[in-house]
Number of protein chains: 2
Amino acid sequence: MATLKDISAELGLSVATVSRALNGFPEVGAKTRARVQEAAARLGYRPNRSAQRLATGRSGVVGMIVKLRADMSADQTFFDVLTTLTAELAACDLDLVLSVDQGSDPTAPYARMLERDLLDGFVLNAPVPDDPRPSFLRSRGVPFVMHGQAHDAPDYAFFGIDNRAVSADAVALLTDLGHARIALVNGEARFAFAGDREAGFRAAMAAAGLAVPDGFVQGGAPTESTGYTMALAWLAGRAGPRPTAILCATTAMAQGVLRAARDLRLSVPGDLSVIAHDDALPGIGPAHFTPPLTVTHAPMRDACAPLARMLIDHLNGADPARLQTVIRAGLIVRASTGPVPKGEERPWQTP
Amino acid sequence: MATLKDISAELGLSVATVSRALNGFPEVGAKTRARVQEAAARLGYRPNRSAQRLATGRSGVVGMIVKLRADMSADQTFFDVLTTLTAELAACDLDLVLSVDQGSDPTAPYARMLERDLLDGFVLNAPVPDDPRPSFLRSRGVPFVMHGQAHDAPDYAFFGIDNRAVSADAVALLTDLGHARIALVNGEARFAFAGDREAGFRAAMAAAGLAVPDGFVQGGAPTESTGYTMALAWLAGRAGPRPTAILCATTAMAQGVLRAARDLRLSVPGDLSVIAHDDALPGIGPAHFTPPLTVTHAPMRDACAPLARMLIDHLNGADPARLQTVIRAGLIVRASTGPVPKGEERPWQTP
DNA sequence: CCTCCATCTCAAACCGTTTTGAAAATGAAT
DNA sequence: ATTCATTTTCAAAACGGTTTGAGATGGAGG
């Protein structure tokens with residue numbers, strides 16, 4: 001492997017000049033820079049990471065901790081994010097170290113990783129309400145970015161979608177179609193996003209002057225069977241009126257809802273409208289469900305580039321409170337939503 | 001952070017002596033070592049990784065690449081291995097970097113990681129028949145250990161179980177019980193282990209003088225539904241005689257087989273014996289199936305400590321061809337296996 | 001008392017960068 | 001031609017360890 005010293009010897013320059021030439025410092029002459037770059041390419045120069053790190057005091061490695069649930073159901077979303085994030089970070093010369101945790105203390109694995117002192121920062125995911133990790137990491141002075149949002153007015157860097165708006169937009173679409181009895185198949189309550197979705201849902205319903213019957217908001221694992229079970233209970237149950245529309249936290253859940261409707265010989269969207277939030281995970285194509293699924297749309301992986309960018313900025317000393325982005329999910333209307341069935345309209349819409 | 005220099009200044013020793021004292025070199029006096037260790041602890045000394053790496057030329061980081069399947073079904077086994085391996089490696093001061101790959105070229109992700117030149121070596125998993133990775137990595141001079149075995153007489157470091165024996169032991173148990181028509185719910189053919197399991201199965205059957213009817217060996221994803229579907233086809237099908245015993249590649253598959261038997265009102269082990277190989281994944285307790293499952297038993301995570309040890313030895317220059325371990329799975333007989341049903345015995349066992 | 005051999009310790013080189021502070025070269029303005 | 005302000009380049013000092021080759025110290029044996 002060629003080193004800076006080799007190049008400087010080859011060219012009769014000092015290593016300092018060579019270093020600056022390669023790193024794009026402005027004070028090096030254009031022709032010198034060209035010569036250096038040519039020589040570097042010719043000699044197959046590749047900077048020594050360890051040396052760079054020693055000199056800069058940075059490791060070039062950021063960490064992420066996977067929380068393993070007892071049921072071992074590995075998050076699809078996690079893999080999607082992981083893949084893209086790795087690529088984005090690599091493009092910025094950062095490596096991602098992963099650690100799997102099964103313990104119950106949410107901050108312990110971070111402390112452990114910090115102890116190994118290989119890391120420049122963290123990417124946090126799956127925030128829970130009042131997530132203790134931000135304050136823990138800040139107390140240690142460790143930069144991090146959060147995928148999602150765990151607090152109302154965070155003072156940390158994060159990227160997330162407006163989950164209240166996700167529900168509100170879906171509710172608005174449905175109420176415009178005349179629906180009044182809308183149920184929510186939510187994510188698990190222990191995740192912060194589920195709280196926001198529910199809050200957005202209830203606020204939008206209230207704003208529309210609609211009641212949310214007891215039991216019309218339920219949370220569960222983001223699986224097809226969760227959607228199936230909940231929908232079956234609502235649609236086949238004899239207790240109280242049935243919903244005419246169901247909001248789902250994920251497309252997999254919507255798949256279960258659609259199956260339940262099929263089993264009950266209910267037509268979608270004739271008898272039931274279904275709408276879901278779509279994280280756009282690879283291998284799941286809600287456009288090809290039967291019927292094609294109306295969704296709020298915010299690809300998980302779109303978060304990765306911003307997250308990587310933010311983390312790097314943070315590493316470079318930017319104020320984390322400035323590194324915050326909330327985007328609004330799109331709305332894609334397909335064929336799973338339609339007008340409320342006759343006779344199920346809101347009272348004042350009845351002719 | 002205290003450095004070696006701080007300690008040496010504190011104690012009036014040279015950094016060299018301090019370094020050797022802390023690293024356990026024999027030529028440093030016992031009392032000096034004690035003083036150094038005390039001072040190190042008192043000052044909160046923690047070695048600087050980057051500096052160590054620069055000096056030793058080693059990064060202290062090994063990599064592992066997760067192959068993501070199109071169906072996104074994340075391997076439980078993978079998580080189990082990952083967790084334990086991380087811990088084992090950490091105990092040896094090695095960090096594990098994970099990369100997720102979705103591409104089709106099996107060696108490309110390794111090349112990419114090597115380019116980032118952060119790694120001292122790799123842990124390979126999920127070997128396929130004629131796996132191209134070993135020769136690729138050897139051609140690059142990169143140390144690695146394989147979890148599993150992809151070639152008949154490998155010249156690389158690996159740890160695995162004797163998969164032929166797994167099948168053979170199971171067949172032996174069943175033939176001792178008089179079974180003659182045994183079917184195999186195998187893993188996917190594209191993994192090397194499945195080939196070995198099938199070879200062991202066919203060899204053992206042949207040795208027992210038993211035929212394996214067409215279609216009695218099928219491979220599939222290691223899920224409950226795979227087991228259910230295959231078992232249903234064999235047991236409810238009208239084509240040809242039904243098996244009296246079924247071997248499963250995983251306990252999840254066995255769960256499916258048991259469910260199929262229940263659905264068909266077949267008693268286990270009265271009408272059907274079931275045996276599976278048990279990787280002893282967390283959260284799956286075949287001892288508590290109904291009936292408790294007879295298994296060949298080889299905890300996945302038992303591989304991790306040996307793998308870590310081998311990798312470290314390899315890193316330290318050991319001959320990889322010497323770093324090979326094959327263990328034999330245990331056999332745990334529970335209640336899912338029993339004598340062949342009356343009238344289904346092998347001909348010469350009939351009275 | 002001197003020698004010899006362990007045992008222990010040290011100063012210095014080294015790993016390959018980045019970064020600093022100063023010197024040299026260049027060019028324009030006087 | 002001289003001066004001054006800019007480029008442009010350089011030597012050397014970090015960064016924090018490991019490793020080398022040699023010197024110091026000590027005790028035992030003569």
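Letters A, B, ... are given to chains in the order of the sequence lines, protein chains preceding strands, and every chain is numbered from 1.
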Angle separating the five-pair end axes of the helix from C:dC1-D:dG30 to C:dT30-D:dA1, nearest 10°, is 60°

Length of the [atom1]-[atom2] vector between [X] and [N], whole Å:
X	N	atom1	atom2	result
B:Arg20	D:dT19	CZ	C1'	7 Å
B:Leu22	D:dG17	CG	P	10 Å
A:Glu27	D:dT7	CD	P	11 Å
B:Asn23	D:dG17	CG	C1'	9 Å
B:Gln52	D:dC15	CD	C1'	14 Å
B:Asn48	D:dG17	CG	P	5 Å
A:Ile7	D:dT9	CD1	C1'	16 Å

Value for CG (B:Leu315) from CG (B:Asp120), rounded to nearest 0.5 Å, stands at 5.0 Å

Value for CG (A:Leu82) from CG (B:Leu98), rounded to nearest 0.5 Å, stands at 6.5 Å

* Just checking A:Arg49: base, sugar-phosphate only, or nothing, at a heavy-atom cut-off of under 4.0 Å? -> nothing

Review point. With a non-hydrogen cut-off below 4.0 angstrom, is A:Thr3 in contact with a base, only sugar-phosphate, or nothing?
Key: sugar-phosphate

Footprint ends on DNA chain C, 5' to 3', for atoms under 4.0 angstrom from a heavy atom of chain B, come out as C:dC8 to C:dG16

Between A:Pro26 and B:Ala2, whichever has its closest DNA chain D nucleotide further toward 5' is A:Pro26

The answer to which of A:Tyr45 and B:Gly12 contacts DNA chain C further toward the 5' end, by nearest nucleotide, is B:Gly12

Heavy-atom nearest nucleotide on DNA chain C taken for B:Ala55 and for B:Ser14; more 5' hit belongs to B:Ser14

B:Arg138 with B:Asp155: basic N within carboxylate O range, under 4.0 Å:
yes

Quick one: do A:Arg322 and A:Asp313 make a salt bridge, cutoff under 4.0 Å?
no

side-chain N/O A:Thr32 vs D:dT9 OP1/OP2, d < 4.0 Å: yes

- Backbone N or O of A:Asn125 within a donor-acceptor pair of the A:Lys67 side chain at under 3.5 Å? no

| So, the side chain of A:Arg58 versus the backbone of A:Leu119: is there a donor-acceptor pair under 3.5 Å, distance only? | no

The complete set of salt bridge (Lys or Arg N to Asp or Glu O under 4.0 Å) pairs with one or both residues in residues 8-22 of chain A, sequence neighbours excluded, reads A:Glu10-A:Arg42, A:Arg20-A:Glu27

Check: Parallel, tilted or perpendicular: which describes the rings of A:Phe144 and A:Tyr156, with under 30° parallel and over 60° perpendicular?
Finding: tilted

Of all heavy-atom pairs linking A:Arg112 and A:Asp101, the shortest is NH2-OD1, 3.4 Å

